[in-house]
Amino acid sequence: MRGNTLYIVVPCYNEEEVLPETARRLGDKLKALMNAGKISPRSRVLFVNDGSKDQTWAVITRLHGENPLLCGADLSRNRGHQNALLAGLMAARDKADMVISMDADLQDDVDAADAMVDKYLAGADIVYGVRSSRKTDTFFKRTTAEAFYRLMDLLGAETVFNHADYRLMSRRALEGLAQFKEVNLFLRGIVPMIGYPCDTVEYERGERFAGQSKYPLKKMLSFALEGVTSLSVRPLRMITTLGFLVFFVSLVMIAYNVGRWATGNTVAGWASLSCSVWFIGGLILLSLGVIGEYLGKLYLESKGRPRFLIQEELGLDGETEKESLTDC
Ligand code: UDP
Ligand code: MG
C-alpha cells in the first residue's frame, strides 16, 4: 500500500498579489482532502520563492505563521520557473508520497487535484493535467502555443499535448526525475521519459487571477528553443539530410555541366566554376552533418540521463532467493 502524504509545490516569482488567494484555496483544498481521508495530515503546500523582487517571501512567511499547512522555500536568487519548480519537487521528495506542481496564478483548476489524487490512489505514478479548452486564452497565445506543441513534435521532442506543468508525480517518479542531471531543464519533456503508469486529468484553464504573466513573448520563444534543443538532436540530423540532398544534386549538376561542356554549349570557365560551387557546397554541408552527428551523440552523453528505470522486480531479492534454495 502506497503512502498518501501530498505536497503541492508552487513556484512563485513576484506573485504578492495572488498569493493570499492561492494560499487560501490550496489550504482549503488540502483540508478537504484530509477530511475525506484521501491524504495524510502530514500533507503540505510548499511555496518556492524564485528570487522575487517584491514582497512575495514576506507574504509566504506571514502565511506560514497563520497556517502551518503552508510552507516555504526561498531560493538564493531568480533561477527561472523550471529550476524553481525542480527545487520544490526535490525538497518535497523525501517528505511526500505524491507531489502536485502548479502555478501560483490560479490558472490551473485547483479542483482537478481531487481527480489527480484519485488516479494516484488507483495506481498511477504520473498524472498529467491537460487543458480541455483554451477559450480564455487570447487568440495569439492559443495559436502560438498550439503551433509550439506541433513544432516540438516535428523536431523530435515528445511532449504531452496541451499539458503544462500542472501534474502529480509519485515518490518513485520523483526519484526517477532526480536521476536526470541535466542543467538545461525542460520538465514537461523530461517527465514523459521517466515512464511508469501514467494517466491524464482534463481541466479548463482559466485566466490569471491577478498580476501579470511572467512569460512575455521573448521568454516564451527562448523557452521553446530550450525545449527543442534540450530534448532532441533532430535539428543536427536535419543538416546531415540536407548535406546528402545537396551532395546528390551536385552530382546531377556535374553530369549536366559536363554534358553542356562536351557539346560545346557553354562559355569558357562556366562548367568548371559551376561544378566546383555545387560540389564544394554539398561537401561542406555533408561534413557539417557528420560533425553534427558526433556532436549530437556527445551532447546526449553529456546529459548523463539514466538509461532505464526498473518498475518491478520478481525474485531478485538475494535473501529470498537463498532461503528458497536451501528450503528445497
Ligand atoms: N515563475 C517563476 N520564476 C520565473 C518566472 C515565473 O517561478 O522566473 C513562476 C510564476 O510565479 C508562476 C509560474 O512560474 O507561478 C508560471 O508563470 P506565469 O503564470 O506568469 O506564466 P504563463 O501562465 O503566463 O505562461
Ligand atoms: Mg500563468
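Every number for a ligand or one of its atoms is a count from 1 in the order of the listing. Only heavy atoms go into these numbers, but all of them, side chains included; no hydrogens, no water, no symmetry mates. Here the structure is a predicted model, which means the values were calculated and not measured.
- For the Mg ion (ligand 2), the tally of protein N/O/S atoms lying closer than 2.8 Å stands at 2.
- The shortest separation from a heavy atom of Gln82 to ligand 1 is not under 4.0 Å, leaving the residue out of contact.
- Distances from atom 23 (O) of ligand 1 to the heavy atoms of His81, Gln107, Met102 put Gln107 nearest.
- Among all non-hydrogen protein atoms, the one lying nearest atom 21 (O) of ligand 1 is Tyr215 CD1, 3.2 Å.
- Under a 3.5 Å cut-off, the side chain of Ser43 and the backbone N or O of Ile39 do not form any donor-acceptor pair.
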Determine all donor-acceptor pairs shorter than 3.5 Å in which one atom belongs to a side chain in residues 10-18; sequence neighbours excluded.
unit_1: Tyr13; atom_1: OH; unit_2: Lys53; atom_2: NZ; d: 2.9
unit_1: Asn14; atom_1: OD1; unit_2: Lys53; atom_2: N; d: 2.7
unit_1: Asn14; atom_1: OD1; unit_2: Asp54; atom_2: N; d: 3.4
unit_1: Glu15; atom_1: OE1; unit_2: Arg208; atom_2: NH1; d: 3.2
unit_1: Glu15; atom_1: OE2; unit_2: Arg208; atom_2: NH2; d: 3.0
unit_1: Glu16; atom_1: OE1; unit_2: Gln55; atom_2: N; d: 3.0

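- With a 4.0 Å heavy-atom cut-off, ligand 1 is reached by the backbone of Cys12 but not by any atom from C-beta on.
- Contacts between Asp103 and ligand 1, counted as non-hydrogen atom pairs separated by less than 4.0 Å, involve both the backbone and the side chain.
- The shortest non-hydrogen separation linking Leu185 to Gln82 is CD1-O, 3.6 Å.
- Ring centroids of Tyr203 and Tyr166 are separated by less than 6.0 Å, placing the two rings close together.
- At under 3.5 Å, not a single nitrogen or oxygen of Ala84, backbone or side chain, sits near a nitrogen or oxygen of ligand 1.
- In terms of polar-atom proximity, Gln212 is not counted as a contact of ligand 1, lacking any N or O under 3.5 Å from an N or O of the ligand.
- Rounded to the nearest 0.5 angstrom, Ile8 CD1 and Arg25 CZ are separated by 13.0 Å.
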Table please: side-chain donor-acceptor pairs of residues 272-291 below 3.5 Å, with sequence neighbours left out.
unit_1: Ser272; atom_1: OG; unit_2: Gly269; atom_2: O; d: 3.2
unit_1: Ser274; atom_1: OG; unit_2: Asn257; atom_2: ND2; d: 2.8
unit_1: Ser276; atom_1: OG; unit_2: Ser272; atom_2: O; d: 2.5
unit_1: Ser287; atom_1: OG; unit_2: Leu283; atom_2: O; d: 2.6

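- The closest approach between Arg79 and ligand 1 stays at or above 4.0 Å for every heavy atom of the residue.
- Contact annotation for Asn78 and ligand 1: only side-chain heavy atoms (C-beta onward) come within less than 4.0 Å of the ligand.
- Close contacts between ligand 1 and Lys219 involve ligand atoms 5 (C), 8 (O) [criterion: under 4.0 Å to a heavy atom].
- Remark: the Asn4 side chain and the Asp97 side chain contain no N/O donor-acceptor pair separated by less than 3.5 Å.
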Worksheet item: Passes side-chain contact (heavy atoms from CB on, under 4.5 Å), Arg131 versus Asp108? Steps please.
Response: CA-CA 9 Å; Arg131 292 167 215 171; Asp108 304 321; 5.6 Å; no
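- With a heavy-atom cut-off of 4.0 Å, Glu207 does not touch ligand 1 at all.
- For Asp125 (side chain) and Ala173 (main-chain N/O), no donor-acceptor pair under 3.5 Å exists by modelled atom type.
- Looking at Lys38, its side chain never comes within 3.5 Å of a backbone N or O of Met34 through a donor-acceptor pair.
- In this view, Glu158 satisfies the salt bridge (Lys or Arg N to Asp or Glu O under 4.0 Å) rule with no residue, not counting sequence neighbours.
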